[in-house]
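We count residues from 1, following the sequence as given. Predicted model, so just to flag it, every value in this text is computed and none were measured.
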Amino acid sequence: MMVDTGDQGAWEGRWNHIRKFLERSGPFAHPDFEASTELLQFISNICEVLVIGAGGLGCELLKDLALSGFRKIHVVDMDTIDVSNLNRQFLFRPKDVGRPKADVAAEFINSRIPGCCVVPHFKKIQDFDERFYEQFHIIVCGLDSIVARRWINGMLLSLLNYEDGVLDESSIIPFVDGGTEGFKGNVKVILPGKSPCIDCNLYLYPPQINFPMCTIASMPRLPEHCVEYVRMLLWPKEKPFEDGVVLDGDDPEHIQWVYQKSLERAAEFSITGVTYRLTQGVVKRIIPAVASTNAVIAAACATEVFKMASRAYKYLNNYMYLNFADGLYTNTYDFERNKTCSACSQVPLDLKKFSSSSKLQDVLDYLTEDPSLQMKSPSIRAAVEGKMKTLYLQAVVSIEQMTRPNLSKTLGELGLTDGQELAVADVTTPQTMLFTLRFKQEGDLSCTD
């Protein structure tokens, strides 16, 4: 029976399960929790939540949040629906293939859960400015990209306000991050500026494994080696379709061609295990997704959002790990902030590896290969003779060509000195990061890390 409470889509007893958490205290309640009938109104009518990603995790998150009473939800996703998504991204149907994930997910939730208003955004997260992100009380991510995680991490750090070096806690937007890889998953609760950020524990995201070229070309041992041989060597050599066409992991004809050639390569070396699915996974760098893992991790993320919005219970401090691969294992960890984190330390980081005779290419390699930085395409600027100068920039082809000769020059030849400040921009963050060169003396082995 519908009850006229002024609450669209409400009926008698609809939120009784939520009220039990919000209208009474208990032994596990947060120290600041005050039971109140108004908390449900805050969650339903005031609290704005941003869900980033509408894939395997995102679909589960939207459903869990909407059924937990959250109504003012935005979802951002830049992808369209593929047939391969349908086995686990349960908000989508065959008729939706080709449509934006964000649009379809929002339509489904809004139609099935009365009173809920999910606003879709078929865009990249980089397409929005600070004003967009400032409107949300909590942000929760279900991403499959480390670069995107680091970018939103940097955006939330850029929104922090400091007065005389003291953080204004009202400028903090809590950030819940979920991730899955097959039968493994994790949840992180991040309070930007207070708790460890994504970059503080970047070692949790090891650099992508690439197979040695010599193994791929002459001594393949795994089915993945055969697929990589076709992807990296055979495709550009044979150009099976139009000249210059880039291999598209979402094009069935492209994948089928790579699959057949990989089978031939595997047969040549008596290697088994090459399948169409494996081929597509290697080409697209896909780790097989498991629906049950997505469901558990999304439920944990939604629970953390609920706890932070209501203060009903202590939220996770600050990392939870789940492993279904061998039985069931889960644990929580209290990670500490990295005082030298390039993203949240608030001070320029010292680069101690170099001398005046080091080349700019050495600096570039360090920025991309160091486990604590893992930049993708860094661009470097510095003040030389009183003027800001672009030493190397990758994003624009014409400027990259102009600045490429600088890579072979020494830091001394470029006019860089001990104590020089470098401004580094990268796709992993919307902020420009600052580093300070601290030259070591020739032959000095004390500053090599």
Treating [X] as the side-chain partner and [Y] as the backbone partner, does any N or O pair qualify as donor plus acceptor under 3.5 Å?
X      : Y      : result
Asp64  : Leu61  : no
His121 : Lys123 : no
Gln431 : Gly154 : yes
Lys307 : Lys314 : yes
Glu304 : Leu316 : yes
Arg131 : Phe128 : no
Asp77  : Gly53  : no
Ser111 : Phe108 : yes
Asp127 : Lys124 : yes
Asn323 : Ala325 : yes

Point-to-point distance, once rounded to the nearest 0.5 Å, from [atom1] of [X] to [atom2] of [Y]:
X      : Y      : atom1 : atom2 : answer
Leu191 : Asn318 : CG    : CG    : 9.0 Å
Glu224 : Ile216 : CD    : CD1   : 11.0 Å
Leu50  : His74  : CG    : NE2   : 8.0 Å
Cys301 : Leu57  : SG    : CG    : 6.5 Å
Ile113 : Phe70  : CD1   : CZ    : 13.0 Å
Glu34  : Leu22  : CD    : CG    : 13.5 Å

(message) Is the terminal nitrogen or CZ of Arg265 (NZ for Lys, CZ for Arg) located under 6.0 angstrom from the six-membered ring centre of Tyr229 and within 45° of that ring's axis?
(response) yes

[atom1]/[X]: more than 12 non-hydrogen atoms of other groups inside 6.0 Å:
X      : atom1 : answer
Phe21  : CZ    : no
Arg99  : CZ    : yes
Gln126 : CD    : yes
Glu134 : CD    : yes
Asp129 : CG    : yes

Could you tell me whether the side chain of [Y] reaches within less than 4.5 Å of the side chain of [X], counting heavy atoms only?
X      : Y      : answer
Arg337 : Cys197 : no
Gln256 : Glu253 : no
Val230 : Trp257 : yes
Val49  : Ile139 : no
Leu39  : Ile18  : no
Thr330 : Met320 : yes
His137 : Phe42  : yes
Gln401 : Arg404 : yes

(message) Please identify which of these residues, Thr303, Val176, Val296, meets the side-chain contact (heavy atoms from CB on, under 4.5 Å) condition with Val187.
(response) Val176

(message) So, applying side-chain contact (heavy atoms from CB on, under 4.5 Å) with Asn85, which one of Val83, Asn87, Ile81 is it?
(response) Ile81

(message) Check for me whether the distance between the ring centres of Tyr313 and Phe28 falls short of 6.0 Å.
(response) no

(message) Is the ring pair Phe136/Phe132 parallel, tilted or perpendicular, if the boundaries are 30 and 60 degrees?
(response) perpendicular

Check whether the side chains of [X] and [Y] place a donor and an acceptor atom closer than 3.5 Å, and report yes or no.
X      : Y      : value
Gln361 : Asp365 : yes
Asn186 : Lys184 : no
Asn294 : Thr180 : yes
Gln280 : Tyr259 : no
Tyr315 : Asn317 : no

If every non-hydrogen atom of [X] is compared with every non-hydrogen atom of [Y], which pair is closest and at what distance?
X      : Y      : value
Asp426 : Pro378 : OD1-N, 3.1 Å
Arg71  : Gly115 : CD-O, 3.4 Å
Ala102 : Phe122 : CB-N, 4.4 Å
Cys116 : Asn110 : O-OD1, 3.1 Å
Ile43  : Ser68  : CG2-O, 4.3 Å
Glu336 : Asn201 : O-OD1, 4.3 Å

(request) List the steps and the verdict of side chain to side chain contact (heavy atoms under 4.5 Å, CB included) for Ile125 and Ile52. (result) CA-CA 8 Å; Ile125 57 174; Ile52 301 180; 3.6 Å; yes

(message) Any salt bridge linking Glu60 with Arg88? Criterion: basic side-chain nitrogen under 4.0 Å from a carboxylate oxygen.
(response) no

(request) Answer yes or no: is there an ion pair linking Lys194 with Glu169, defined by an N-O contact shorter than 4.0 Å? (result) yes

(request) Could you please spell out the steps behind the side chain to side chain contact (heavy atoms under 4.5 Å, CB included) verdict for Trp235 and Val258? (result) CA-CA 8 Å; Trp235 179 277; Val258 175; 4.2 Å; yes

(request) Please report the C-alpha distance between Asp199 and Arg150 in whole Å, then the side-chain angles of each, then the deciding distance to 0.1 Å, and finally whether the salt bridge (charged side-chain N to carboxylate O under 4.0 Å, His left out) criterion is met. (result) CA-CA 7 Å; Asp199 282 36; Arg150 296 177 66 185; 3.2 Å; yes

(request) In sequence, state the C-alpha distance, the side-chain angles, and the governing distance for Leu407 and Tyr392, and then conclude on side chain to side chain contact (heavy atoms under 4.5 Å, CB included). (result) CA-CA 7 Å; Leu407 295 176; Tyr392 184 66; 3.7 Å; yes

(request) Sort out for me which residue in Asp177, Thr428, Asp144 forms a side chain to side chain donor-acceptor pair (under 3.5 Å) with Arg149. (result) Asp177

(request) Please report the C-alpha distance between Ser171 and Leu159 in whole Å, then the side-chain angles of each, then the deciding distance to 0.1 Å, and finally whether the side chain to side chain contact (heavy atoms under 4.5 Å, CB included) criterion is met. (result) CA-CA 7 Å; Ser171 65; Leu159 298 179; over 6 Å; no

